[in-house]
There are 2 protein chains.
Amino acid sequence: MRYSKEHKAETHERIVKQASVRLRERGAHGIGVADLMKEVGLTHGGFYAHFDSREALVIEAFNYAMDRGNERWRKIAEDTPPEKRLAALVDSYLTTTHRDDPGRGCAVPSLGAEIARESPKTRKAFAAKLERMIDMIAGQILDVPPRTARKQAMATLATMMGTVVMARIAGNGEFSDEILAAGRDAVLSRAAAKPAVKKARPKAH
Amino acid sequence: MRYSKEHKAETHERIVKQASVRLRERGAHGIGVADLMKEVGLTHGGFYAHFDSREALVIEAFNYAMDRGNERWRKIAEDTPPEKRLAALVDSYLTTTHRDDPGRGCAVPSLGAEIARESPKTRKAFAAKLERMIDMIAGQILDVPPRTARKQAMATLATMMGTVVMARIAGNGEFSDEILAAGRDAVLSRAAAKPAVKKARPKAH
DNA sequence: CTCATTGGATGTTTCCAGTCATATAATAAC
DNA sequence: GTTATTATATGACTGGAAACATCCAATGAG
């Protein structure tokens, strides 16, 4: 082996990471191999030493983005007492920061619709990650009986993701902020209504 | 005038309609001028007699799709007694049919994320239509006091749209159906919980 | 010294928005 | 009813952008 053992792995990851950012920012067809490699500080000749094809990269990048999201949620669950976890999650998800920086945010609101149109292989990989997200919410975030947890997790995710999609359409002004606030209230009040947990009424900003 | 008076207007609308279907099916860059015109039974030379540019068409097609959606909702409101309107809406929106046929469905779950990346002009046109949808839900569909209607309308839409996005990622199997069902329950139970003055029945877990 | 990795250059293909001279078809004028 | 008029449609053409993929000389780690 020339170059250190980890060198290639590191380069590989840098490419995947940058791709995942660009894809979330610009969509599934929003960046080409050449530009991407340039952004990573390489030239695009070496690309095919790392990936069989562009699609292989895209799948990896999707997975990477989803994994980072799940990782983030896991940390929230870890660092927060059970009854406050949902509020903590919503506070990190339904923010202007997340809305305005899709590149570092959740992949579903940015790429969901496009994923649904990709090849079955790509779509299924994404669906598996989505199911992991649901499990995570149901098991680690929501403070409700397991009986209803899965269903409620799905609805919670749907509301959060739909809110981000709508807020991004609305831009970044007052109207958009209003949408974010409505989503927050909806998620938290639904949770408050179901178990005996109380309040958590965030002030709209 | 040669050709009948309405001829051009009709052709124009056929183009817009077909474009709106294809865009929802394949995404904002999913079809080119030439293919589109062919699908309408024309050649692509004449395109620029109808539209200044491709973008102008895209904006019209977006508007068309949104208008059709609003129209559909208006009819539901018209044909249904107030207390059943939301259920009727959800029953038409969160169906496998809608999930599996984006081309004829709501434009937000199919195009929302891509719209958010388009030019400000395009995005703002879409945002205006989104606001109309919210007004429609708040004023004609929800059976709640005006005070909270707008906020609740936003949340209701977010949940419905997010549910469709997730369900499409999940494909069309059992998992996907489960997501649809969860979305339905969430929208309807929230509506049932709110008008009742306070938090009804806190059932301890 | 050796050779895997890198990166600059290049090939080739595909595709697409937009233009224009020409042909066609329907109405208005006579 | 015939002709003149003109809006609409045709289809080939353009110029260029962008994309994926491959090759090979140079590099630098071991």
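Chain naming here is simple, since letters A, B, ... match the order of the sequence lines and numbering starts at 1 in each. Here the structure is a predicted model, which is why all the values come from computation and not from measurement.
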Peer 1: With a cut-off of 6.0 Å (strictly less than), are more than 12 heavy atoms of other residues, nucleotides or ligands near CG of A:D79?
Peer 2: yes

Peer 1: Could you state the CD1-C1' distance from B:I15 to D:dA9, rounded to the nearest angstrom?
Peer 2: 11 Å

Peer 1: Distance check needed: D:dA7 C1' versus B:E10 CD, whole Å only.
Peer 2: 15 Å

Peer 1: List in chain and number order the residues that pass side chain to side chain donor-acceptor pair (under 3.5 Å) with A:N63, two or more places apart in sequence or in another chain; answer none if no residue qualifies.
Peer 2: none

Peer 1: List the residues meeting side chain to side chain donor-acceptor pair (under 3.5 Å) with B:D91, not counting sequence neighbours, and say none if there are none.
Peer 2: B:R184

Peer 1: Could you tell me which residues satisfy salt bridge (charged side-chain N to carboxylate O under 4.0 Å, His left out) with B:R14, sequence neighbours excluded, listed by chain and number?
Peer 2: none

Peer 1: Can you give me every donor-acceptor pair (side chain of residues 127-140 of chain B, partner residue at least two apart or in another chain, under 3.5 Å) with its distance?
Peer 2:
unit_1	atom_1	unit_2	atom_2	d
B:K129	NZ	B:D67	OD1	2.7
B:K129	NZ	B:D67	OD2	3.4
B:E131	OE2	B:R150	NH2	3.0

Peer 1: What's the NZ-C1' distance between A:K38 and C:dA9, to the nearest Å?
Peer 2: 13 Å

Peer 1: Can you list, in residue-number order, the parts of residues 19-37 of chain B that come under 4.0 Å of DNA chain D, counting heavy atoms only?
Peer 2: none

Peer 1: What residues, two or more places apart in sequence or in another chain, satisfy side chain to side chain donor-acceptor pair (under 3.5 Å) together with A:S53?
Peer 2: none

Peer 1: Counting only pairs under 3.5 Å, give me each side-chain donor-acceptor contact of residues 154-171 of chain A, with atom names and distances, residues two or more places apart or in other chains.
Peer 2:
unit_1	atom_1	unit_2	atom_2	d
A:T156	OG1	A:Q152	O	2.8
A:T159	OG1	A:A155	O	2.9
A:T159	OG1	A:R190	NH2	3.0
A:T159	OG1	B:T159	OG1	2.7
A:T163	OG1	A:T159	O	2.6
A:R168	NE	A:R99	O	3.0
A:R168	NH2	A:H98	O	3.0

Peer 1: Could you check which residues of residues 39-54 of chain B get a heavy atom under 4.0 Å from DNA chain C? Sort them by number, please.
Peer 2: B:H44, B:G45, B:Y48, B:S53, B:R54

Peer 1: Kindly state each residue pair satisfying side chain to side chain donor-acceptor pair (under 3.5 Å) with at least one member in residues 101-112 of chain A, sequence neighbours excluded.
Peer 2: none

Peer 1: Does D:dA9 have OP1 or OP2 under 4.0 Å away from a side-chain N or O of B:T11?
Peer 2: yes

